[in-house]
There are 2 protein chains.
Amino acid sequence: MAMKKKPVTGMKDIMPREMEIRDYVIGLIKETYRTFGFSSMETPCVEHIENLSSNQGGENEKLIFRILKRGEKLNLAEAASAADLVDGGLRYDLTLPLSRYYANHANDLPSPFKALQMGNVWRADRPQRGRYRQFMQCDIDILGEASCLAEIELIQATTTLLGRLDFHNFTIRINDRRILKAMAAYSGFAPEDYETVFIILDKMDKIGLEGVEGELLEAGYDKTGVERYLNLFRTVTSDTDGIRMLKEQLEGFLEPAIADELVMIIASVEQVKDADFRLCFDPTLVRGMSYYTGPIFEIAMDEYGGSVGGGGRYDEMIGKFTGQNISACGFSIGFERIIMLLLERDFKVPSAGTKTAFLIEKNMPADRLPAILEEAQKEREAGRQVNIVMMKKNKKFQKEQMQAEGYEEFREFFADRLG
Amino acid sequence: MAMKKKPVTGMKDIMPREMEIRDYVIGLIKETYRTFGFSSMETPCVEHIENLSSNQGGENEKLIFRILKRGEKLNLAEAASAADLVDGGLRYDLTLPLSRYYANHANDLPSPFKALQMGNVWRADRPQRGRYRQFMQCDIDILGEASCLAEIELIQATTTLLGRLDFHNFTIRINDRRILKAMAAYSGFAPEDYETVFIILDKMDKIGLEGVEGELLEAGYDKTGVERYLNLFRTVTSDTDGIRMLKEQLEGFLEPAIADELVMIIASVEQVKDADFRLCFDPTLVRGMSYYTGPIFEIAMDEYGGSVGGGGRYDEMIGKFTGQNISACGFSIGFERIIMLLLERDFKVPSAGTKTAFLIEKNMPADRLPAILEEAQKEREAGRQVNIVMMKKNKKFQKEQMQAEGYEEFREFFADRLG
């Protein structure tokens, strides 16, 4: 039977040119976060289906690739639904596995634990251009650090990384879940309405203040409350002054320390920053995941019409495993988007020296080959790339092709004379 | 609901100490093979179930983690067997995906294509000590090179890698499938019996020549033939002389060029080798996979009672996808076993300089933090690792713990005086 040549729907083969960039970026990520004291960790790609279906993952739970039970446990005849047939699933993010990992190993991990994870995740999304069903995620988390030192370090490390990748002029938008809630409370919304209100607020980029106002009124919210809410957004500025203004205005609804902390995060990062980016307070930033409990942030890159990373504090998630909450704050970097941007701008990986090809004529006598290999070995030991290949009939074409692959130097070895 | 803390059966969480070694080895593998002209490539972890179930994978096919169909395609009521419910599976090796990849992309790949793959594979094996259901494989393949230059380069690159990992005194055993067959043919076995004969021969390590003789007779083979077969093994030596002897003795059963090629592989590698290993001809080496067509090889390490890698030529596999055979030769490195050996010998990753911890007293005034961060940033830019953490009440214990994690230098910053 002929076999299928294409990869499975929505997943992709990665070609050498892209791999070179990926390997380079992976190396840079590991190196950059290492200097900030992060440790690499890894969990299996397969997770318990019960953990994946725990309602922490929101919409992503619908997109799980589920794995069939094996052996005697698989009982098709008695299965009432698909759920009876599966015992595992491919992870759809790295946050849930991190929480399980920490719950399982806390005693053997440093405190705070600064974790770097790079790994594939899977989501059975409708395939679309540039979005795949298997993609690499890169998550950085600090567990066990209650102070905003966690946020500061995460933002600083991540902007340092982006700077090293030669990204400029990007924006870190920052907000706090508790400010979001305080603004809603101050305006008279009921706690049970917050989620709906935030979903509408989240559209601010696209529909503007008037659009948000319209949708809130359409959803049936009280006109005075909506006006009060919108006025906050009309007057607030996207800097630390804006936060200070809200701190005063939201008195009684917002703990002042929350505003002070956000000011401290912004002021500290601003003062230390090397990379070329703006850090701005954005009270309209919502971020979808319901597990966030404090500061939230997102990286917007002008070159790319969306977010290339984001995260926040989620102090109550690990408690789902352990019964005891632990401070947690994390950043997820849009690895695939960064690779896409680098490919688009025709990024060249800093070279490791000349690439040389040794072309060997056919029928090279057996006793002459070792000397050629030894010569290659010397170059390779010095870290240079030497590719030994048999000389083809159309040598000119062969060399042109290899030049296109980056080979600059050619040495030819003929069977009947010295090379 | 409390969630499950342990990883799924047979898979493991990887702790920071092991990750450090893994990352180092991955880097060394990428770097070493790069100098030999190999390119990194990647395929999705999920493959078409039809491809996985194609009988190329032997026993491994029984161990596939199968993935449930999604949406409307999943029809439990009408499913006659589990096969109707699945459309994909987790790959159980990297050879089948490589073949599909090459069939799909040959026109866009160099010729020959020297491929390096590192990735997880999954097998639903009975869990046992040191063997996991998810494990990293590292495969190196040369596609489109018909001459034994492929074998020579693969063995040389791989032994160079092992040498750089400070492994000594290992053995590369080498044989050729066609010599195996010629020896069987010479002894009078019928082609349909070869597989059975080789399965018995493969036990030579454990049961010795007499054991093999006994089992062959017990299986009902002709005494004269068995005697003739065994005599070959009694007289052959494990060097190039042994191959030359067989070349003469098997005249009419073995093409002389096959023996010459094997001699050339051994002689060339021997002459160039830097690392400390032996390369020996082993006419009892069988290797299980039926897809091998030419030279086969295996790395035995004395420290570890088994193989830490092996491979061979499989010139007829890619044709299953394309309808046209292409020369192919590959090596699979036992990545997990190498990591296990390094962990056992308490391997230390070459250090990237001093690890420093900055301990910051609680309630550090907001305006003093940036100066501390700037100081850390300077160190980090120079590639040194600086971990900023809040000072704990029991500072002595905190420092002891950090010392155990490799922190050598500590700087303390107090809230009420200069650090």
Side-chain angles (χ1 to χ4, degrees), chain A residues 3-8 11 13-14 16 19 23 30 34-37 39-44 46 48 50-51 54 65-68 70 74 76 82 86 88 100-101 103-104 110 112 120 124 134 147 149 153 264 268 271-272 320-321 366 369-370 373-374 377 380 383 385 387-390 405, chain B residues 3-8 11 13-14 16 19 23 30 34-37 39-46 48 50-51 54 65-68 70 74 76 82 86 88 100-101 103-104 110 112 124 134 147 149 153 264 268 271-272 320-321 366 369-370 373-374 377 380 383 385 387-390 405:
Chain A
M3 299 173 83
K4 292 188 175 179
K5 288 188 201 181
K6 300 271 168 214
V8 297
M11 302 192 193
D13 291 330
I14 305 176
M19 277 305 293
D23 283 345
K30 296 227 174 204
R34 183 191 63 76
T35 65
F36 282 81
S39 306
S40 285
M41 56 155 282
E42 229 177 82
T43 65
V46 181
H48 300 285
E50 300 91 327
N51 287 358
S54 66
F65 283 97
R66 291 179 293 176
I67 292 174
L68 211 62
R70 294 149 306 282
L74 180 65
L76 190 55
V86 298
R100 186 192 53 66
Y101 179 96
N104 195 19
N120 285 313
Q134 170 180 315
S147 85
L149 181 59
E153 286 275 272
M264 184 162 170
S268 303
Q271 214 165 322
V272 185
K320 309 268 179 202
F321 287 89
L369 191 61
L373 294 172
E374 263 167 18
Q377 188 71 355
R380 288 162 171 173
Q385 181 169 335
N387 198 354
I388 309 181
V389 293
M390 300 308 288
E405 292 159 31
Chain B
M3 298 173 82
K4 292 189 176 179
K5 287 188 201 180
K6 299 272 168 211
V8 296
M11 302 192 194
D13 291 331
I14 305 176
M19 277 305 292
D23 283 345
K30 297 227 174 205
R34 182 191 64 75
T35 65
F36 281 82
S39 305
S40 285
M41 56 155 284
E42 228 176 81
T43 65
C45 300
V46 180
H48 300 286
E50 300 91 327
N51 288 357
S54 66
F65 283 97
R66 292 180 292 178
I67 291 173
L68 211 62
R70 294 149 305 282
L74 180 65
L76 190 55
V86 299
R100 186 193 54 65
Y101 179 95
N104 195 20
Q134 170 180 315
S147 85
L149 182 59
E153 287 275 271
M264 185 164 172
S268 303
Q271 213 164 323
V272 186
K320 309 269 180 205
F321 288 89
L369 191 61
L373 294 172
E374 264 167 18
Q377 188 72 354
R380 288 162 170 173
Q385 181 168 337
N387 198 354
I388 310 181
V389 293
M390 301 307 288
E405 292 160 30

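Below, read A as the first sequence line, B as the second, and so on, with proteins coming before strands; counting in each chain starts at 1. Note that the structure is predicted; figures quoted are calculated from it, not measured.
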>> Under a 4.5 Å cutoff for heavy-atom pairs, which residue among A:Lys30, A:Met264, A:His48 has the most contacts with chain B?
In response: A:His48
> What part of A:Met390 is in contact with chain B, defined as an atom under 4.5 angstrom from a non-hydrogen atom: side chain, backbone, both or neither?
Replying inline: both
>> Evaluate A:Val86 against A:Ile67 for side chain to side chain contact (heavy atoms under 4.5 Å, CB included), listing each step before the verdict.
In response: CA-CA 5 Å; A:Val86 298; A:Ile67 292 174; 5.9 Å; no
> Can you say whether A:Asn120 sits under 4.5 Å from chain B via the side chain, the backbone, both, or neither, judging by heavy atoms?
Replying inline: side chain
> Top residue by heavy-atom pair count (under 4.5 Å) with chain A, among B:Pro110, B:Ala124, B:Ala82?
Replying inline: B:Pro110
> Rounded to the nearest 0.5 Å, how far apart are CG of B:Asn51 and NZ of A:Lys4?
Replying inline: 7.5 Å
> Based on non-hydrogen pairs under 4.5 Å, which of A:Gln134, A:Glu405, A:Met11 is most in contact with chain B?
Replying inline: A:Gln134
> Any Lys/Arg nitrogen of B:Glu153 or A:Arg380 sitting under 4.0 Å from an Asp/Glu carboxylate oxygen of the other?
Replying inline: yes
>> Taking every non-hydrogen pair under 4.5 Å, which of B:Pro44, B:Ser39, B:Pro112 racks up the most with chain A?
In response: B:Pro44
> Where on A:Lys6 is there a heavy atom nearer than 4.5 Å to chain B: the side chain, the backbone, both, or neither?
Replying inline: both
> Which region of A:Arg70, side chain (C-beta onward) or backbone (N, CA, C, O), has a non-hydrogen atom less than 4.5 Å from a non-hydrogen atom of chain B, or is it both or neither?
Replying inline: side chain
>> If you count heavy-atom pairs within less than 4.5 Å of chain B, which of A:Asp13, A:Val46, A:Ile388 leads?
In response: A:Asp13
>> Counting heavy-atom pairs under 4.5 Å with chain B, which one of A:Arg100, A:Gln271, A:Gln377 comes out on top?
In response: A:Arg100
>> Using a 4.5 angstrom heavy-atom cutoff, name the option from B:Leu68, B:Val8, B:Thr43, B:Leu149 with the most pairs to chain A.
In response: B:Val8
> When rounded to the nearest 0.5 angstrom, what distance separates CE in B:Met41 from CE in A:Met19?
Replying inline: 8.5 Å
>> Quick check: closest heavy atoms across A:Tyr101 and B:Ile14, and the distance to 0.1 Å?
In response: OH-O, 2.8 Å
>> With a 4.5 angstrom heavy-atom cut-off, is it the side chain or the backbone of A:Ser147 that approaches chain B, or both, or neither?
In response: side chain
>> Is A:Leu369 in contact with chain B via its backbone, its side chain, both, or neither, using a 4.5 Å heavy-atom distance?
In response: side chain
> Do any N or O atoms from the side chain of A:Arg34 and from the backbone of A:Ser40 form a donor-acceptor pair under 3.5 angstrom?
Replying inline: no
>> At a 4.5 Å cut-off on heavy atoms, which part of A:Leu74 comes close to chain B: side chain, backbone, both, or neither?
In response: side chain
> Side chain, backbone, both or neither: which part of A:Val389 has a heavy atom under 4.5 Å from chain B?
Replying inline: both
>> Can you give me the closest heavy-atom contact between B:Pro7 and A:Asn104, atom names plus distance?
In response: CD-ND2, 3.6 Å
>> Please give me the minimum heavy-atom distance between A:Pro370 and B:Ser268, naming the atom from each residue.
In response: CG-CA, 4.2 Å
> Which answer fits B:Leu76, side chain, backbone, both or neither, if we ask what part of it has an atom under 4.5 Å from a heavy atom of chain A?
Replying inline: side chain
>> To check you understand the geometry: which heavy-atom pair defines the closest contact between A:Asn387 and B:Gly37, and what is its length?
In response: ND2-O, 4.0 Å
